[in-house]
Chemist: 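One structure, pasted below without further comment.
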Protein chains: 2
Amino acid sequence: MRISELSRRSGVPNATIKYYLREGLLPPGRATAATQAEYDETHLRRLRLIRALVGVRGLSVASAKQVLEAMTEHRTDPHEVLGIAFGIRPSTAGATDTAEGDGTAGANPEAAALVDAMGWSVSEHNPARQIIDRTLRTLRSLDVEYDWRALLPYADLAERTARYDLDRIESITDPLEKAERAVLLTFLLEPALMALRRLAQENESTARHGGGEHQQGPVRRILP
Amino acid sequence: MRISELSRRSGVPNATIKYYLREGLLPPGRATAATQAEYDETHLRRLRLIRALVGVRGLSVASAKQVLEAMTEHRTDPHEVLGIAFGIRPSTAGATDTAEGDGTAGANPEAAALVDAMGWSVSEHNPARQIIDRTLRTLRSLDVEYDWRALLPYADLAERTARYDLDRIESITDPLEKAERAVLLTFLLEPALMALRRLAQENESTARHGGGEHQQGPVRRILP
DNA sequence: CAGATTAGACAGTGCCGCTACCCAATTGCC
DNA sequence: GGCAATTGGGTAGCGGCACTGTCTAATCTG
């Protein structure tokens, strides 16, 4: 199909598709002539994925590009995909961010302590470490007593979360599809998981300091 | 103190403080004359909070304003604070967002089913419901079979997370401080929790399809 | 061969989070 | 009391980002 049909089928404006092509988010079509290129279903799929990451999840175009690159390059081992390419935050990069050089590894003692305590096997370079250390530092700068030990319960829950995540994709055999699913479940689920947390917070809060109108207690689920 | 000292002590440029004042993020100081106002420690604290929400967490200025308003107005019942003021996403609001009118309530059947199944008591108006429904719809549009039932395990984990969250603030007596702590732990912790999930994913993935270099298994923690 | 379509490039737009500048009022200091 | 420095308040501008509109030359379609 040509670009117009791609646009029509995806609902993404022509000009925007060209923009994604320029930015390298969408791989170029097979050029049939100087002013003609042919796109296929994979492009359509990729385009929908881009829109989900950028529009729904709110990733910046640059971040989405990293994710997609990781996804297609490391399609062989999807766990590379999961752990890769993040410092990623919503567009506006923080000012104090570029600081502390590329000595990215090693310089996150609290994350390291946490990973160690959990017995996790995780790359030194996983940028999630930075996020953890920075968050803890920020909290303390606001007079909240908080260190990596306070995160241990959350880490335990994260571990179980990760198990569900992995369960969901292990049945997929096609490696590319597997990588894509991993990306989708990791990123698109994030807002939903945070939303669940907020719902649970409201519920728990109501339960504790009686917002007390109506009691409830029907279908409780128990997990293995 | 006057604005310059506030600037010096917080590290936030003078002009930016004025900007926050204009946007209503920071309450005005006590005016002592036409061109003079007096700020105190609460302003400094608020300013640091703003920077954390906007700079570290990545909230838009408008979103941060909502959060801060909810925090100061509903300071009496912090569970109002927790459940309030969100559709909040990182700046760029999605195009398809404003759709489906203000019939915000009721129109999120999957979130409702989930809340019901969990036996939660949560306001119909909690915007987290929308996020959940939208996420599920997006996933399905990408050919991922996923409905609210798939979220049940996550909901259970969210419930436990919420319990830890509430444990952390219930000891605080001063209501304003309590509300502030709730905001901090809800919002600032979000990136860290997602980071933990990514670390756990990498670990779990390594464990399953042996990234197999070095085995480990030291200090495992067990939760109550 | 006429009319429509396309790839590719580039300038322009709107929004956002600042930031720089200006002005008149006020202050601290002598 | 005089004067430089500071302040509050307002307005305009800036840089980055995610598009969007337009132009051109080549190509396809009928």
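Below, read A as the first sequence line, B as the second, and so on, with proteins coming before strands; counting in each chain starts at 1.
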Chemist: Expressed in angstrom and rounded to an integer, what is the separation of A:Asn14 atom CG from C:dT6 atom C1'?
Modeler: 9 Å
Chemist: Whole Å only: how far is the CE atom of B:Met1 from the C1' atom of D:dT7?
Modeler: 15 Å
Chemist: Below 4.5 Å, heavy atoms only, C-beta onward: do B:Leu199 and A:Leu114 meet side chain to side chain?
Modeler: no
Chemist: Tell me the interatomic distance from B:Leu53, atom CG, to C:dC18, atom P, rounded to whole angstroms.
Modeler: 12 Å
Chemist: Run the salt-bridge test on B:Arg163 and B:Glu170 with the 4.0 Å N-O cut-off and return the result as yes or no.
Modeler: no
Chemist: As a test of reading the structure: which of C:dA20, C:dC18, D:dA26 is closest to the side chain of B:Ala15, going by heavy atoms?
Modeler: C:dA20
Chemist: Choose from C:dG17, D:dA18, C:dA24 the nucleotide whose nearest atom is closest to any side-chain atom of B:Thr35.
Modeler: C:dA24
Chemist: Can you tell me the distance, in whole Å, between the CD atom of B:Glu5 and the P atom of C:dT27?
Modeler: 17 Å
Chemist: Please check the phosphate of D:dT20 (OP1 and OP2 only) for any side-chain N or O of A:Thr16 closer than 4.0 Å.
Modeler: yes
Chemist: If you restrict it to nitrogen or oxygen atoms, what contacts under 3.5 Å exist between nucleotides 9-11 of chain D and the protein, and what is each distance?
Modeler:
from, atom 1, to, atom 2, distance (Å)
D:dG9, N7, B:Lys18, NZ, 3.0
D:dG9, O6, B:Lys18, NZ, 3.2

Chemist: Provide the closest heavy-atom pair for B:Ser10 versus B:Ile17 in the form atom of the first, atom of the second, distance.
Modeler: OG-CD1, 4.4 Å
Chemist: So which heavy atom on A:Leu189 is nearest to which on A:Leu185, and how close?
Modeler: CB-O, 2.9 Å
Chemist: Grab the N/O contacts between the protein and nucleotides 28-30 of chain D below 3.5 Å, and write none if there aren't any.
Modeler:
none

Chemist: From CD of B:Glu23 over to P of C:dG17, roughly how many Å is that when rounded to an integer?
Modeler: 8 Å
Chemist: Think A:Tyr19 has a side-chain N or O under 4.0 angstrom from the OP1 or OP2 of C:dG8?
Modeler: no
Chemist: With respect to the side chain of B:Tyr20, which nucleotide from D:dT27, D:dT7, C:dC18 is positioned closest?
Modeler: C:dC18
Chemist: Taking all non-hydrogen atoms of both residues into account, name the closest pair between B:Gly29 and B:Tyr39 and its distance.
Modeler: N-CE2, 3.4 Å
Chemist: Is there a side-chain contact between B:Asp147 and B:Arg140 in this structure, where contact means two heavy atoms from C-beta onward sitting under 4.5 Å apart?
Modeler: yes
Chemist: Rounded off to whole Å, could you give me the CD1-to-C1' distance for the B:Ile3 and D:dT6 pair?
Modeler: 11 Å
Chemist: Starting from C1' on D:dT6, measure out to CZ on B:Arg8 and report it in whole angstrom.
Modeler: 14 Å
Chemist: Show the nearest heavy-atom pair for residues A:Glu38 and A:Met1, with the distance to one decimal.
Modeler: OE2-N, 2.6 Å
Chemist: Whole angstroms only, please: what is the CG-P distance between B:Leu47 and C:dC18?
Modeler: 11 Å
Chemist: If every non-hydrogen atom of A:Ile132 is compared with every non-hydrogen atom of B:Ala195, which pair is closest and at what distance?
Modeler: CG1-CB, 3.9 Å
Chemist: Indicate whether any N or O donor in one side chain lies under 3.5 Å from an N or O acceptor in the other, for B:Trp120 and A:Glu202.
Modeler: no
Chemist: Is the distance from OP1 or OP2 of D:dC19 to the nearest side-chain N or O of A:Arg51 less than 4.0 Å?
Modeler: yes
